[in-house]
Each structure stands twice: as structure tokens, then as C-alpha cells.
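Starting from 1, each residue takes its place in the sequence as its number.
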Amino acid sequence: MNQIQSLQLGFKSFLNLTSFTVAPRNLRSGVLRVKATIARPISSSTKKPVLKAAMGANPTVIKEIESLRGDLSKIEAMTVEQLRTTLRNIGASAKGRKCELVSSLKCFLENKIDGESSQVIEEQVSSTVCVETLSNGDQVQNVNTVSDVQLNQRNKRRSSSKSETVEGDNKVVKKEKLSIESDEVSVENLSRTRRKVSSKAASITVKTDDKVAEPWTVLAHKKPQKDWIPYNPKTMRPPELTRETKFMKLMSWNVNGLRALLKLEGFSALQLAEREDFDVLCLQETKLQEKDVEDVKRSLIDGYENSFWTCSVSKLGYSGTAIISRVKPLSVSYGLGMSDHDSEGRIVTVEFDSYYLISGYVPNSGDGLRRLTYRITEWDPSLSNYIKELEKSKPVILTGDLNCAHQEIDIYNPAGNRRSAGFTDEERQSFGTNFLSRGFVDTFRRQHPGVVGYTYWGYRHGGRKFNRGWRLDYFLVSESVADKVHDSYILPHIIGSDHCPIGLVIKL
């Protein structure tokens, strides 16, 4: 089979609507046995004796804890050593950075017992009375899904009489003073399961993996604000529109090499069409050459016959953008109409009845920020002016990899990336000046103002595994149609690239 035939077959698989599954690839079967030493039910009348027992009946420690419980703001002023001493005194983990230690202590103190009989709690395999801190210092916060479990594969830790240990396949998580009563359950029905504290031992059998199956549901940020929450598409997307409402569903994805994506065994990227039923898909960084485009276009399946591709001619196998649509556009154009910017295949524009749609791949400032000046003084202003010119006739939607994490909420480690391409002050200011200040709306941020959602994770240092990412992919829309946006969303579970797809549902 020659290369072109292979590519054709691959693209047909790419557009196959029958075999797509969005379950995390890394989730495999395994059995964990939870051995619990169970405390008696706690009521308001028994709260203090239990607290004394947990701290060895040390009156000084008890007095300190009660003082902190009365004024949680005191915790922020404590030193790292004071935090660790206090956490050890209450039998909790004392590992991690200061923010994690503060979070753990607050979580312990805020875990007050309400009610008059047994305590009913939301408990997942990954959750404890307070936030767990693993041996490597990474924090795992309580979330509403069983798949948010981080397990240490190397270091088994044994519990005391007031703790429990999760064992299985050399994976162990220590849990503090937590007990549950439950029947055998599966991953699918654990996310909102409620269980009661009981006075007898219990065991749970679950299917899991040695890393978080849905890491995006854990708040991952080096400098989180108190009101920030992680983005979860399962719970944060609005209900679908009815058939009576006219709308279009648009999607965008930096595939980081289309041919490499097609070669992934068992992978079919546009199988997500079966689930998302999109009208238009915009692609960036296809890395195709012009000689391959016609063969790829001939392999498109029924329903998405309209496709428009542009490739880099100055550097082969680099950059490249495309738009694939089931709706035939009124017109199509390529580039910005400026030779200085149009040799790398970064812009495709299609015109529909109600708006223009642009699939764009903004130049990265590069190693050593060698293209930063070009980016902020030439490319960004030119793209902005191009969009404003289109906007004179109808609204514009710009989507794609815009290579800028605009705010600190849009990047896991803002302090460590001040001079990294994509988060320099110059790029962020240019993003605001050339796009947001000129009347274009960041649809995801407007819909989710305090939500941490990433669209890109570097391959090094377990970026995706621990949700240490960047939000570089956007849907920007003209202010005149911003109120017509029904949903702006991220699909972090779709793998195959270092970026994930994003989507927009807009009413017509």
C-alpha cells in the first residue's frame, strides 16, 4: 500500500462515525480493596471527644485547633513549619507546598459535622476528610467523580488505627479517619454516590488506573483564587437546543500533524461527529503539503463534502489550516491578502449567510522569543485589521490556536512562564489591544468567568496527566452576536494531539 492509499484509508477512518469512544484511553481494569477502620457515627454532641482522640488528648493542640477553627484567616499567616506541625498533630499529611498545606488544614477544620445522628458525606475513592497530598507534593482535591484518584505506585504507606489504606496492584493511598459503607460499585455510577459512615468494616471494588482518569476535573493551578473551579464538560454544558431553534455547531482543533493523528491505532478523530454532530470543523497545524490535499479531499465521507485547505509553502510540512463543513459556504478565501503573512498557510476564511468564520493559527513567538516582535507588531495588528474589515459586512467568528494564554487563570504556572512564548506581557497585551478591545468577545471566558479550563498540555513533565496546561484555543466573536452564543466548551477527553478540541454552539 503506497503512502497516498494509506492516507486515504486513514482519513476515511478519521471520518468514520461508528467506532468513536471518548472514554479515557488510560482507564483500565483493576481492583482496589479499601480496608477501613471505621469510627462511630459523629453527632454534634460527640464532636469534641472525637477531636481530642484524633489529637491524642493534647490540650494545647486542641486549644490551637479550636482557635484556628474560629478564625480560618489565621491559617494564611502561619509559616510552612507551623502548618506542618499542626497537620502532624491532627494526624494529617504534612507534605507539599504552603498552598497545599493551607488547603489541607482548612479542609480539615471546615469539615464540621452537622445533623443529629450519622454523618452523610459525598465520598469518592480519591477523597479524604481533607485534601490529600501525595508523596511527590502534588495535591488532589475532592471532586465529584470516582476517576479523580491519584495513586502512588512505588511507595506503600501503612495506616495507623485512625486511618485506612487503599491497596491493589502496588498502588496505595493513605486516607485519614474516613470510613464508608457501600456495595460493590463501578466507575460509571460512583460519581454522585452517597454513602453513610458506619461502625463496621467495608470494602469497595472499583476499576481504576494509576493516574487520574479525568484530570481536568481537579483544580490544577500554581496560584489559584478562592472562587476558581475546574472545568468539567459533563456538568457545565447547558442543555442542547431543540430542533425548533436554528443554530450551528462549530468545532476547532489544533491536530499537531494530521497524518500523525491518522496513524494512531484505533483512533478516529471525527468519530466525535457522532457525539457532537457538528456542522463545521476547523483544523490548525495540519502539517500537510499541497500535493496531498486533493487525495485527502477525495476521501471525505458524505455529509462533509465541503473542505478548504491551505498549506505552508515557505516551509514544507509546517503549519497549515483547514475548514471542513457540511454547509456549503457562500465564499472562501485564504490568508490575509498580504504576502508577508501568507506563505505559512495560517488563515482560511469562509462566508456563511449570517457570519464569516476564520480558522486561524497564530505564529508562535518561538524559542528565545525570536518571533515576538513580528507577532505583536505585524501579525496581530494585520489579523485584527482584516477581521474588522470583514465585520463591516457581517459578524465574524475567529477560532483556532491563537497562541496566547490571556490571563493567569488560563495557565497552570503563570509565574514560571512570564518570559515563555504564549504568556509574555507583550503577547497578552497585544491580544487585549488587537482583539478584545476592538469588540471581540472571548466566548469561553464570558460563559465561565471563574473556571480553569485548558486546551493545550506539553508532552513533557506529565502535563496532561496532571492537568498542567494552557488555554491557547479560542472562539472570539463579534460583540453583535455574542448574545447568540449558546455554549462555548472544551473537550479535554479527546486525545491524539497536545491540544484538545473546542466547540461553539451559536444561534442563527
Side-chain angles (χ1 to χ4, degrees), residues 250 252 254 282-285 308 310 312 319-323 329 331-352 354-366 369-407 410-411 421-446 455-456 470-485 488 502 504 506:
L250 315 175
S252 177
N254 178 324
C282 300
L283 300 177
Q284 301 88 43
E285 207 171 358
F308 312 96
T310 182
S312 172
S319 188
T321 52
I323 294 179
S331 65
V332 182
S333 62
Y334 303 93
L336 300 177
M338 304 172 67
S339 58
D340 290 345
H341 302 316
D342 292 343
S343 64
E344 295 180 350
R346 293 185 177 274
I347 295 289
V348 179
T349 304
V350 295
E351 178 187 5
F352 294 113
S354 303
Y355 57 85
Y356 287 101
L357 174 64
I358 303 172
S359 176
Y361 179 37
V362 171
N364 190 299
S365 293
L369 302 178
R370 64 184 185 278
R371 300 190 79 183
L372 176 61
T373 300
Y374 166 73
R375 159 79 182 271
I376 64 175
T377 63
E378 298 183 49
W379 174 271
D380 284 356
S382 297
L383 176 58
S384 177
N385 291 335
Y386 172 75
I387 296 172
K388 294 302 290 184
E389 189 65 28
L390 292 176
E391 200 178 34
K392 291 179 180 179
S393 58
K394 62 181 63 175
V396 177
I397 299 174
L398 168 65
T399 187
D401 178 1
L402 304 189
N403 260 319
C404 179
H406 181 232
Q407 300 173 325
D410 298 318
I411 182 172
F423 194 66
T424 62
D425 292 341
E426 296 92 330
E427 289 165 306
R428 296 164 64 199
Q429 182 178 351
S430 176
F431 187 87
T433 301
N434 287 295
F435 304 108
L436 304 186
S437 294
R438 299 194 72 181
F440 291 93
V441 176
D442 177 354
T443 56
F444 181 84
R445 187 55 63 214
R446 172 174 283 196
T455 65
Y456 163 82
W470 306 49
R471 188 170 73 97
L472 300 177
D473 304 83
Y474 296 80
F475 273 98
L476 303 184
V477 303
S478 297
E479 180 69 49
S480 60
V481 294
D483 290 339
K484 294 184 179 181
V485 173
S488 183
I502 60 173
L504 186 80
I506 186 167

- Correct closest heavy-atom pair for Thr399 and Cys282 would be CG2-SG, 3.7 Å
- Task: Look up atom CD1 in Ile506 and atom CG in Leu357, then write down how far apart they are to the nearest 0.5 Å.
- Result: 10.0 Å
- Message: Please report the interatomic distance NZ(Lys484) to OG(Ser354), rounded to the nearest 0.5 Å.
- Response: 6.5 Å
- Item | Smallest separation among heavy atoms of Asp342 and Gly337, with atom names | OD2-N, 2.8 Å
- Message: Exactly one of Asp410, Asp473, Asp401 should register a side-chain hydrogen bond (donor to acceptor under 3.5 Å, both in side chains) with Thr455. Which one does?
- Response: Asp473
- Item | Full working for side-chain contact (heavy atoms from CB on, under 4.5 Å) between Asp442 and Phe435 | CA-CA 9 Å; Asp442 177 354; Phe435 304 108; over 6 Å; no
- Can Met338 and Trp379 be said to form a side-chain contact (heavy atoms from CB on, under 4.5 Å), step by step? CA-CA 10 Å; Met338 304 172 67; Trp379 174 271; over 6 Å; no
- Note on the structure: Value for CD (Glu427) from CD1 (Ile376), rounded to nearest 0.5 Å, stands at 7.5 Å
- Apply the test side-chain hydrogen bond (donor to acceptor under 3.5 Å, both in side chains) to residues Tyr355 and Ser478: give CA-CA distance (whole Å), side-chain angles for both, the deciding distance (0.1 Å), then the verdict. CA-CA 9 Å; Tyr355 57 85; Ser478 297; over 6 Å; no
- Message: With a 4.5 Å cut-off on side-chain heavy atoms, are Leu504 and Phe444 touching?
- Response: no
- Query: Between the side chain of Lys388 and the main-chain N/O of Gly439, is any donor-acceptor distance below 3.5 Å?
  - Reply: no
- Query: Where do Glu344 and Ser319 land on the side-chain hydrogen bond (donor to acceptor under 3.5 Å, both in side chains) test, with the steps shown first?
  - Reply: CA-CA 6 Å; Glu344 295 180 350; Ser319 188; 5.4 Å; no
- Item | Residue pair Phe308 / Val350, side-chain heavy-atom distance below 4.5 Å | yes
- Which is it for Leu250 and Phe475 under the side-chain contact (heavy atoms from CB on, under 4.5 Å) test, yes or no, and what are the steps along the way? CA-CA 9 Å; Leu250 315 175; Phe475 273 98; 4.0 Å; yes
- Could you state the interatomic distance from CG (Leu436) to CD (Glu479), rounded to the nearest 0.5 Å? 10.5 Å
- What closest approach, in Å, do Ser359 and Gln284 show between heavy atoms, and which atom pair accounts for it? OG-NE2, 3.2 Å
- Query: What's the spacing between Ile387 CD1 and Ile397 CD1 if we round to 0.5 Å?
  - Reply: 11.5 Å
- Taking all atoms of both residues into account, what is the closest heavy-atom pair of Arg428 and Ala405, and its distance? CG-O, 3.6 Å
- Beyond-backbone contact of Asp483 with Arg446, side-chain heavy atoms, under 4.5 angstrom: yes
- Message: Let's go through Phe431 and Tyr474 carefully: what are the C-alpha distance in whole Å and the side-chain angles of both, what is the deciding distance for ring pair (Phe, Tyr, Trp, His ring centres under 6.0 Å) to 0.1 Å, and is it a yes or a no?
- Response: CA-CA 12 Å; Phe431 187 87; Tyr474 296 80; 5.0 Å; yes
- Message: Let's go through Glu426 and Arg375 carefully: what are the C-alpha distance in whole Å and the side-chain angles of both, what is the deciding distance for salt bridge (charged side-chain N to carboxylate O under 4.0 Å, His left out) to 0.1 Å, and is it a yes or a no?
- Response: CA-CA 10 Å; Glu426 296 92 330; Arg375 159 79 182 271; over 6 Å; no
- For Gln407, does the CD atom have more than 12 heavy-atom neighbours from other residues, nucleotides or ligands under 6.0 Å away? yes
- Find out whether Leu383 and Leu336 are in side-chain contact, i.e. whether some heavy atom of one side chain is under 4.5 Å from a heavy atom of the other. yes
- Query: Considering only heavy atoms from C-beta outward, does the side chain of Arg445 approach that of His406 to under 4.5 Å?
  - Reply: no
- Item | Closest contact, heavy atoms only, Asn403 versus Pro363 | ND2-C, 4.0 Å
- Query: Only one of Tyr356, Tyr386, Tyr334 forms a side-chain hydrogen bond (donor to acceptor under 3.5 Å, both in side chains) with Thr349, so which one is it?
  - Reply: Tyr386
- Under 30°, 30 to 60°, or over 60°: which ring-plane class applies to Trp470 and Phe423, parallel, tilted or perpendicular? perpendicular
- Query: Side-chain contact, heavy-atom cut-off 4.5 Å: Arg438 with Asn385?
  - Reply: yes
- Query: Taking atom CG of Leu390 and atom CD1 of Ile358, what is their separation to the nearest 0.5 Å?
  - Reply: 5.5 Å
- Query: Is it true that a side-chain atom of Thr310 and a backbone atom of Thr321 form a donor plus acceptor pair closer than 3.5 Å?
  - Reply: no
- Provide the closest heavy-atom pair for Arg346 versus Arg371 in the form atom of the first, atom of the second, distance. NH2-NH1, 3.9 Å
